[in-house]
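In what follows, every chain begins at residue 1, and chains take the letters A, B, ... in the order their sequences are listed.
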Amino acid sequence: MVAQELLGKHVVHVVRGIERVGRIVEVEAYLGPHDRAAHSCKGLTPRTRVMFGPPGHAYVYLIYGMHHCLNVVTEPEGHGSAVLIRALEPVSNISGKTCGPGLLCKALGVDRTLNGADLLGEQLYIADVNAEDFRINRRPRIGVDYAGAWARRLLRFYIRGNAHVSSP
DNA sequence: CTCGGGATGCGT
DNA sequence: CGCATCCCGAGG
């Protein structure tokens with residue numbers, strides 16, 4: 001699954017020439033319209049347009065009126081799947097906490113103006129790094145209790161023992 | 001545990 | 001149009 005492959009990679013956001021970098025330590029997979037916890041289960045709407053778009057783009061949305069969440073579209077166009085970045089370990093030029101999806105967006109300076117951004121571009125991207133050895137834990141996703149059987153699926157992945165995971 | 005906060009999608 | 005709901009975080 002693509003979600004685990006993001007663990008250990010770096011998220012880079014360039015702000016006024018400064019690279020803000022965090023190492024991905026926690027993610028959740030959202031599998032498509034059949035996944036009742038996924039935004040795409042509402043179908044193709046203005047909000048979910050990017051999620052149904054081509055892979056390698058950022059899906060950024062506002063939640064609870066005040067926090068942003070950063071996702072990576074992972075599957076081919078039309079599929080409607082994405083991976084939510086839930087926690088980072090600070091690497092460079094990070095100020096503020098990064099142990100949660102809203103917090104890490106704040107620390108990186110990511111907001112909805114980056115919705116749809118091409119992650120192969122220059123401003124916001126995922127950087128592969130030398131694979132440090134780590135083990136992966138799998139758990140149910142956070143905050144999706146409404147999603148019936150899908151709430152119990154083990155689609156949350158994090159680096160075992162990492163101090164920056166949101167709720168170990 | 002509570003509660004803020006605003007967009008969204010859906011029913012009317 | 002109204003309104004319940006939401007992939008959260010801070011504070012008690």
Query raised in the report: Considering residues at least two apart in sequence or located in another chain, which fulfil the side-chain hydrogen bond (donor to acceptor under 3.5 Å, both in side chains) criterion with A:R160?
Result: A:N137

Report summary line: Per the 3.5 Å Watson-Crick/G-U criterion and a run length of at least three, the stems involving DNA chain B are B:1-4 with C:8-11, B:6-11 with C:1-6

What pairs of nitrogen or oxygen atoms, one from the protein and one from nucleotides 8-12 of chain C, lie under 3.5 Å apart?
from: C:dC8; atom 1: O2; to: A:H67; atom 2: NE2; distance (Å): 3.1
from: C:dG9; atom 1: OP1; to: A:P101; atom 2: N; distance (Å): 3.3
from: C:dG9; atom 1: OP1; to: A:G102; atom 2: N; distance (Å): 2.7
from: C:dG9; atom 1: OP1; to: A:L103; atom 2: N; distance (Å): 2.9
from: C:dG9; atom 1: O4'; to: A:H67; atom 2: NE2; distance (Å): 3.2

**Report entry** Selection residues 137-168 of chain A - residue pairs positive for ring pair (Phe, Tyr, Trp, His ring centres under 6.0 Å), sequence neighbours left out
**Finding:** A:H34-A:W150

**Report entry** Test side-chain hydrogen bond (donor to acceptor under 3.5 Å, both in side chains) applied to A:S92 - qualifying residues, sequence neighbours left out
**Finding:** none

**Report entry** Euclidean distance, atom CE of residue A:M51 to atom P of C:dC7 [Å, nearest integer]
**Finding:** 10 Å

Considering only distance and modelled atom types, tabulate donor-acceptor pairs under 3.5 Å from the side chains of residues 75-88 of chain A, sequence neighbours left out.
from: A:H79; atom 1: NE2; to: A:L31; atom 2: O; distance (Å): 3.4
from: A:S81; atom 1: OG; to: A:T74; atom 2: OG1; distance (Å): 3.3
from: A:R86; atom 1: NE; to: A:E26; atom 2: OE2; distance (Å): 2.9
from: A:R86; atom 1: NH2; to: A:S166; atom 2: OG; distance (Å): 3.3

Taking only distance into account, with no hydrogens and no angle test, what donor-acceptor pairs under 3.5 Å do side-chain atoms of residues 115-124 of chain A form with protein atoms, sequence neighbours excluded?
from: A:N115; atom 1: OD1; to: A:V60; atom 2: N; distance (Å): 2.9
from: A:D118; atom 1: OD1; to: A:L120; atom 2: N; distance (Å): 2.9

**Report entry** With sequence neighbours excluded, residues passing ring-ring contact (aromatic ring centres under 6.0 Å, His included) with A:F52
**Finding:** none

Report summary line: Rounded to whole Å, NE2 of A:H68 lies from C1' of C:dC6 at a distance of 15 Å

Query raised in the report: What residues in residues 150-159 of chain A put a non-hydrogen atom under 4.0 Å from any atom of DNA chain C?
Result: none

**Report entry** Residues in side-chain contact (heavy atoms from CB on, under 4.5 Å) contact with A:K106, at least two apart in sequence or another chain
**Finding:** none

**Report entry** Donor/acceptor link under 3.5 angstrom from A:Y146 side chain onto base of C:dC6
**Finding:** no

**Report entry** 5' precedence on DNA chain B between A:G65 and A:P46 (nearest-nucleotide basis)
**Finding:** A:G65

Report summary line: Under a 4.0 Å heavy-atom criterion, DNA chain B is touched by chain A from B:dG4 to B:dC10

Query raised in the report: Which residues pass the side-chain hydrogen bond (donor to acceptor under 3.5 Å, both in side chains) test with A:R23, sequence neighbours left out?
Result: A:E89

